[in-house]
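Accompanying notes for the structure given below.
The sequence lines fix the lettering, A, B, ..., with proteins before strands; numbering per chain opens at 1.
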2 protein chains.
Amino acid sequence: MQTQRQKGSGSELAAVVAAAGGRHRTATEFVEAALKAAILEGRLPGGTALRQEELAEAFGVSRMPVREALRQLEAQALIDFVPHKGAVVTEISAEDAADNYAIRRALEPAALALSIPALGPEDFGRARDLIAEMDTDPDPGSLGELNRRFHMALYSRAGRAKLLALTEQQLAAADRYLRFHLAAKGREHLSQDEHRALLAAAEARDVAAAVAVLHAHLDRAAATIAEFFRTRGG
Amino acid sequence: MQTQRQKGSGSELAAVVAAAGGRHRTATEFVEAALKAAILEGRLPGGTALRQEELAEAFGVSRMPVREALRQLEAQALIDFVPHKGAVVTEISAEDAADNYAIRRALEPAALALSIPALGPEDFGRARDLIAEMDTDPDPGSLGELNRRFHMALYSRAGRAKLLALTEQQLAAADRYLRFHLAAKGREHLSQDEHRALLAAAEARDVAAAVAVLHAHLDRAAATIAEFFRTRGG
DNA sequence: TACCATGAGATTGGATCCAATCAACACCTG
DNA sequence: CAGGTGTTGATTGGATCCAATCTCATGGTA
């Protein structure tokens with residue numbers, strides 16, 4: 001993939017640290033959250049080598065919380081531990097994107113089907129607001145999060161905590177791909193029409209139709225990203 | 001659930017250490033693998049508090065690799081970090097079991113459908129052998145692993161590495177429940193008939209039939225375990 | 001010139017040490 | 001005797017230190 005396995009150039013790390021404003025109980029959680037967000041949002045692209053000492057200095061902590069945070073990111077398949085070279089941010093490849101969509105195609109319809117009967121007006125309102133926000137928000141960087149929140153709003157009443165957590169994790173991972181190809185193509189690739197159709201089917205409590213729309217939505221997104229990787233030589 | 005949040009009684013930990021024979025590159029990996037196996041196999045039941053110092057002594061290492069291993073287990077939702085109380089093995093509840101089955105019901109049919117066209121005679125042979133082994137193996141403790149390997153054999157040609165990894169992880173988690181209720185009920189609850197029907201449908205390359213059998217298989221298992229929890233007051 | 005050995009530097013894995021925080025228990029008081 | 005309170009011990013989170021190992025550059029040699 002012709003990736004330069006360079007270390008993060010310092011200033012990038014500073015930006016990562018600065019962007020991580022949330023309050024966390026422990027330094028480990030803080031570092032983990034910041035790195036996770038940076039990776040998922042594409043600020044730390046695949047192939048970036050994260051050296052512990054450098055991270056420790058950038059975050060103003062010792063290497064220990066950094067190590068524990070990296071371990072957790074490893075368990076989430078966001079980085080690979082390469083002995084004596086550092087923790088390397090996992091590459092995003094056409095193969096990985098296809099995997100991600102295969103998983104989402106399995107999980108999300110299940111969550112949607114469980115959730116639809118229990119959805120209330122406030123959920124539909126939230127979903128509608130998020131669609132509108134995606135239409136108007138000028139920042140392409142936040143589209144991924146809005147998209148994720150829209151999907152999760154429709155699944156939120158599934159009543160299966162672990163299923164939802166897993167789904168959200170996969171959606172977050174999808175952010176990496178989405179952002180990747182939104183940057184190259186246009187925001188029209190967000191398929192707002194399909195979002196609206198999905199919401200309409202959910203409001204009509206038509207589970208079969210909603211699942212069909214969701215399947216088509218995910219398949220189209222997968223095909224688009226696959227095509228993107230093909231033309232780009234991924 | 002009337003769980004005693006006692007610390008592992010030392011001798012239990014010794015058994016966990018002794019059972020972990022595999023060779024691993026680092027102490028962290030060794031500790032993680034040993035604890036993970038012990039939790040999934042039920043040797044460390046839900047609610048057990050794992051204190052770092054105790055683990056460190058039992059494994060003959062310092063607290064540091066223990067801490068990193070615990071962090072990774074936390075990321076896998078096998079333990080919860082409770083400040084000043086230790087890492088607590090997550091409870092297995094009726095709710096968790098239902099979640100696990102909902103996830104498997106979404107993932108496994110997808111993996112199966114992708115895999116069936118690519119399965120070869122050697123895969124069918126392996127699956128057949130595993131069914132036979134489940135019939136004859138006298139050790140009820142190994143039934144879970146055999147069951148997992150049987151299922152994975154049928155999914156193995158799906159060609160989606162992450163989907164398979166996630167599926168296997170959920171199957172491993174299911175071991176905890178399976179072992180739990182196999183101990184109380186009988187091995188006939190393994191549904192060997194359904195296993196055979198699943199294999200037959202796969203050999204016939206009948207994706208729809210195989211998926212239907214798998215759905216029924218998982219639904220029946222979920223119902224059985226739900227009933228088990230209900231009668232047992234879980 | 002190409003290739004291999006050697007040594008210095010860098011990086012991680014692990015151990016030990018220190019500080020902060022919480023839980024439990026004993027004690028005092030109304 | 002019940003309830004609140006202070007103190008002690010235990011346990012974790014984090015920092016610093018040490019050892020092992022790999023990488024990479026340098027230089028020597030065929």
Completion exercise
Heavy-atom nearest pair, B:Arg105 first then B:Asp219, reads NE-OD1, 2.7 Å
Handout entry: Carboxylate-amine/guanidinium contact B:Glu41 B:Arg43, below 4.0 Å
Key = yes
Practice task
May I ask you to decide whether B:Arg160 forms a salt bridge with A:Glu95, counting only side-chain N to carboxylate O separations under 4.0 Å?
Solution key: yes
Practice task
Would you please name every residue forming a side-chain hydrogen bond (donor to acceptor under 3.5 Å, both in side chains) with B:Asp123, sequence neighbours left out?
Solution key: B:Arg126, B:Arg157
Exercise for the section: Report yes or no: do A:Gln72 and B:Glu68 form a side-chain donor-acceptor pair below 3.5 Å? Expected result: no
Handout entry: DNA chain D: 5'-proximal contact among A:Arg63 and B:Glu53 (nearest heavy atom)
Key = B:Glu53
Handout entry: Partner of A:Ile103 under side chain to side chain contact (heavy atoms under 4.5 Å, CB included), chosen from A:Gln169, A:Gln170, A:Glu108
Key = A:Gln170
Problem - Range on DNA chain D touched by chain B - first to last nucleotide, heavy-atom distance under 4.0 Å - result: D:dT11 to D:dA15
Practice task
Mind checking the OH-CG spacing from A:Tyr177 to A:Asn100? Nearest 0.5 Å is all I need.
Solution key: 5.0 Å
Practice task
Kindly compute the distance separating CG (A:Leu73) from CD1 (A:Ile79), expressed to the nearest 0.5 Å.
Solution key: 5.0 Å
Protein-nucleotides 6-10 of chain C N/O pairs under 3.5 Å:
none

Problem - Sugar-phosphate, base or nothing in reach of A:Pro83, heavy atoms under 4.0 Å - result: nothing
